[in-house]
Amino acid sequence: MRPPHIVILGLGGVGGYFGGLWTRYAMAHPDQLRVSYLMRPGAHYDCVRSEGLRISSPRLAETVVRPSCVTCDPQELEPIDYLVVVTKSYDLADSIRPLQPFLTKESAVLPLLNGLDIHEQLRTMLPAEVERWAGIAYVTARRTEPGVVESHSDNERLYAGSLARPIGSERTASEERLLRISQVAGIDLVIPDDPMEEVRKKFLMLSNSAAATGYYDCGVEGLLGAHRAFVIGLTEELCQLYRAKGWGISDADPVASALRRIDRMPPATTTSMNSDLRNHHQSEVESLVGYVVRESQRLGLSAPHYEEAYAGILQRIAQQ
């Protein structure tokens, strides 16, 4: 019986860090796990293919890992048990399309992307027999140079689970298998009762700060200073959307919780989305901000702060 095979699609900070931990275990136990990286051509690919992936974090010594396969061609991959999708949301369709012929009823697809519309998009992209998962990652990790991923977190955690499992039922066999693999690989994986609830919790943390920093082109210190009232308005509109869609909000005071979370962020930093905007890179504005505007309009909700931020970010992009 062959060992399970994890394919990492998107080797940035999140994919590189968690993929690196799975790879470290697979290198020591090739009969227990195989890991492959499916990458785009370029300097990052060349470095990883020739020299391996170098990962580091506060709780890990610097480690170089070499997966079973590093390729740009899905035809070179062994049968896929777990496809971990860690691309940007705007790359999802182009990334998944070449893999469609290689995904079977034995495959589970786990996206770790920012956005509440990702899973509906995947439903239309994947063969019906493929097991769709949902998940999110909590880690502060970046690809700092080709072939190198650094994490600045000491409490990384992964939430993931199958959408095929009814809420309240026992874990599936594929969930149990990935949980066992992750535990021995040193990954804190949680299989939640409702994985989509965890996705929505994280979106509630990300969307408002991404909208505000992207609109004002500011760092975290600006969110609690000059733009505090705007952040509060964004958070209230996002909570309004959640309630209209029947999604629970676990925080008794989500606005105060949002401000506390921002207060814990390093003040000199900015969000990943605003960093992409500053560097004139494509950004996740549609998934993180545009989605809220479109859904609010569809449901007849007033969201003036999100509309202002969305329009301002689009104008900023147009002027670049």
I want to check something: taking the side chain as every heavy atom from C-beta on, are Ser209 and Leu223 in contact at a cut-off of under 4.5 Å?
yes
If only atom types and distance count, is the side chain of Thr23 paired as donor or acceptor with the main-chain N or O of Gly19 below 3.5 Å?
yes
Which heavy-atom pair separates Glu131 from Ala164 by the least distance, and what is that distance?
CG-CB, 4.4 Å
Which heavy-atom pair separates Ala211 from Ala309 by the least distance, and what is that distance?
O-CB, 3.9 Å
So, for Val86 and Gly15, which heavy atoms are closest and what is the spacing to 0.1 Å?
CG1-N, 3.6 Å
Rounded to the nearest 0.5 angstrom, the CG-OG distance for Leu277 and Ser272 is 9.5 Å
For Pro67 and Ser36 the tightest heavy-atom approach is CB-CA, 4.4 Å
Given side chains that start at C-beta, do those of Tyr37 and Tyr45 come closer than 4.5 Å, heavy atoms only?
no
Checking Asp73 side chain against Gln75 main chain: does a donor-acceptor pair fall under 3.5 Å?
yes
Validation row: Val148, Arg142 side chains within 4.5 angstrom (heavy atoms)
no
Between Leu9 and Leu113, is there a shared hydrophobic cluster once you connect ILVMFWY residues whose side-chain heavy atoms come closer than 4.5 Å?
yes
List the residues meeting ring-ring contact (aromatic ring centres under 6.0 Å, His included) with His29, not counting sequence neighbours, and say none if there are none.
Tyr25
So, does Arg49 use its side chain to make a donor-acceptor pair with the main chain of Val70 at under 3.5 Å?
yes
Smallest heavy-atom separation, Arg165 atom then Arg171 atom, equals CD-CA, 3.8 Å
Residues passing the side-chain hydrogen bond (donor to acceptor under 3.5 Å, both in side chains) test with Glu120, sequence neighbours excluded, are Arg123
With sequence neighbours excluded, tell me which residues meet side chain to side chain contact (heavy atoms under 4.5 Å, CB included) with Ala28.
none
After noting the C-alpha distance and the side-chain angles of Val84 and Trp22, does the key distance pass the side chain to side chain contact (heavy atoms under 4.5 Å, CB included) rule?
CA-CA 12 Å; Val84 183; Trp22 278 315; 4.1 Å; yes
Residues passing the side-chain hydrogen bond (donor to acceptor under 3.5 Å, both in side chains) test with Arg34, sequence neighbours excluded, are Glu78
Is the shortest heavy-atom distance from the side chain of Glu175 to the side chain of Leu179 under 4.5 Å?
no
Just how far is it from atom CD1 of Ile55 to atom CD of Glu150, taken to the nearest 0.5 Å?
11.0 Å
If only atom types and distance count, is the side chain of Asn274 paired as donor or acceptor with the main-chain N or O of Asp217 below 3.5 Å?
no
CD on Glu237 to OG on Ser207, rounded to 0.5 Å
10.0 Å
Do Tyr215 and Ile317 land in one hydrophobic cluster if side-chain heavy atoms of ILVMFWY residues count as linked below 4.5 Å?
yes
Among residues at least two apart in sequence or on other chains, which ones pass side chain to side chain contact (heavy atoms under 4.5 Å, CB included) with Glu156?
Tyr17, Phe18, Ser57, Arg59, Val139, Ser151, Ser153
Rounded to the nearest 0.5 angstrom, the CE-CG distance for Met273 and Leu288 is 6.5 Å
Counting only heavy atoms not in Glu170, do more than 12 fall under 6.0 Å of its CD?
no
Could you pull out all residues at least two apart from Tyr216 that satisfy ring-ring contact (aromatic ring centres under 6.0 Å, His included)?
His227, Phe230
Contacts of Asp117 that satisfy side chain to side chain contact (heavy atoms under 4.5 Å, CB included) - sequence neighbours left out
Gln121, Ser287, Tyr291
Side chain to side chain contact (heavy atoms under 4.5 Å, CB included), paired with Val35, selected from Ile8, Val7, Val65:
Ile8
salt_bridge(Asp251, Arg260) N-O dist < 4.0 Å
no
Taking atom CZ as the centre, does Arg261 end up with more than 12 heavy-atom neighbours from other residues, nucleotides or ligands that are less than 6.0 angstrom away?
yes
Taking the side chain as every heavy atom from C-beta outward, state whether Glu236 and His305 have any pair of such atoms under 4.5 Å apart.
no
Linking I/L/V/M/F/W/Y whenever their side-chain heavy atoms sit closer than 4.5 Å, directly or via other members, would Leu21 and Tyr138 fall into one cluster?
no
Listed once per pair and sorted, the ring pair (Phe, Tyr, Trp, His ring centres under 6.0 Å) pairs that draw on residues 75-94, sequence neighbours left out
Tyr82-Trp133
Side chain to side chain, Ser296 and Tyr306, heavy atoms closer than 4.5 Å
no
Taking the side chain as every heavy atom from C-beta outward, state whether Asp81 and Arg2 have any pair of such atoms under 4.5 Å apart.
yes
Please table the atom pairs, donor to acceptor, closer than 3.5 Å between any side-chain atom in residues 94-105 and protein atoms at least two apart or in another chain.
residue	atom	partner	partner atom	Å
Asp94	OD1	Arg97	NH1	3.0
Ser95	OG	Asp91	O	2.8
Gln100	NE2	Met125	O	2.6
Thr104	OG1	Glu106	N	3.1

Do any side-chain atoms of residues 189-206 form donor-acceptor pairs under 3.5 angstrom with protein atoms, and if so which ones, sequence neighbours left out?
residue	atom	partner	partner atom	Å
Asp193	OD1	Gly168	N	2.8
Asp194	OD1	Met196	N	3.2
Lys202	NZ	Ala137	O	2.4

Tell me every residue that passes side-chain hydrogen bond (donor to acceptor under 3.5 Å, both in side chains) with Asp31, counting only those two or more places apart in sequence or in another chain.
none
Which distance, rounded to the nearest 0.5 Å, do you find between the CG of Leu241 and the CG of Leu299?
6.5 Å
Side chain to side chain contact (heavy atoms under 4.5 Å, CB included), that's the test. Do Val292 and Glu307 meet it? Break it down for me.
CA-CA 9 Å; Val292 179; Glu307 290 175 0; over 6 Å; no
Start with the C-alpha gap between Thr271 and Thr213, add the side-chain angles, then the distance that decides, and say whether side-chain hydrogen bond (donor to acceptor under 3.5 Å, both in side chains) holds.
CA-CA 7 Å; Thr271 61; Thr213 56; 2.7 Å; yes
Given side chains that start at C-beta, do those of Arg132 and Val109 come closer than 4.5 Å, heavy atoms only?
no
Leu259 reachable from Leu234 in the ILVMFWY side-chain graph, under 4.5 Å edges:
no
Would you tell me whether Tyr310 and Glu286 have side-chain atoms, one donor and one acceptor, within less than 3.5 Å of each other?
yes
How close do Ser89 and Asn114 get, heavy atom to heavy atom, and via which atoms?
CB-O, 4.0 Å
Using side chain to side chain contact (heavy atoms under 4.5 Å, CB included) as the criterion, list what pairs up with Arg143, not counting sequence neighbours.
His44, Val149
Cluster link Leu238 to Ile249, ILVMFWY, side chain under 4.5 Å
yes
Measuring from atom CG of Leu33 to atom CD1 of Ile181, what distance do you get when rounded to the nearest 0.5 angstrom?
5.0 Å
Chi angles and distances behind the side chain to side chain contact (heavy atoms under 4.5 Å, CB included) call for Tyr242, Leu116
CA-CA 11 Å; Tyr242 273 44; Leu116 296 179; 3.8 Å; yes
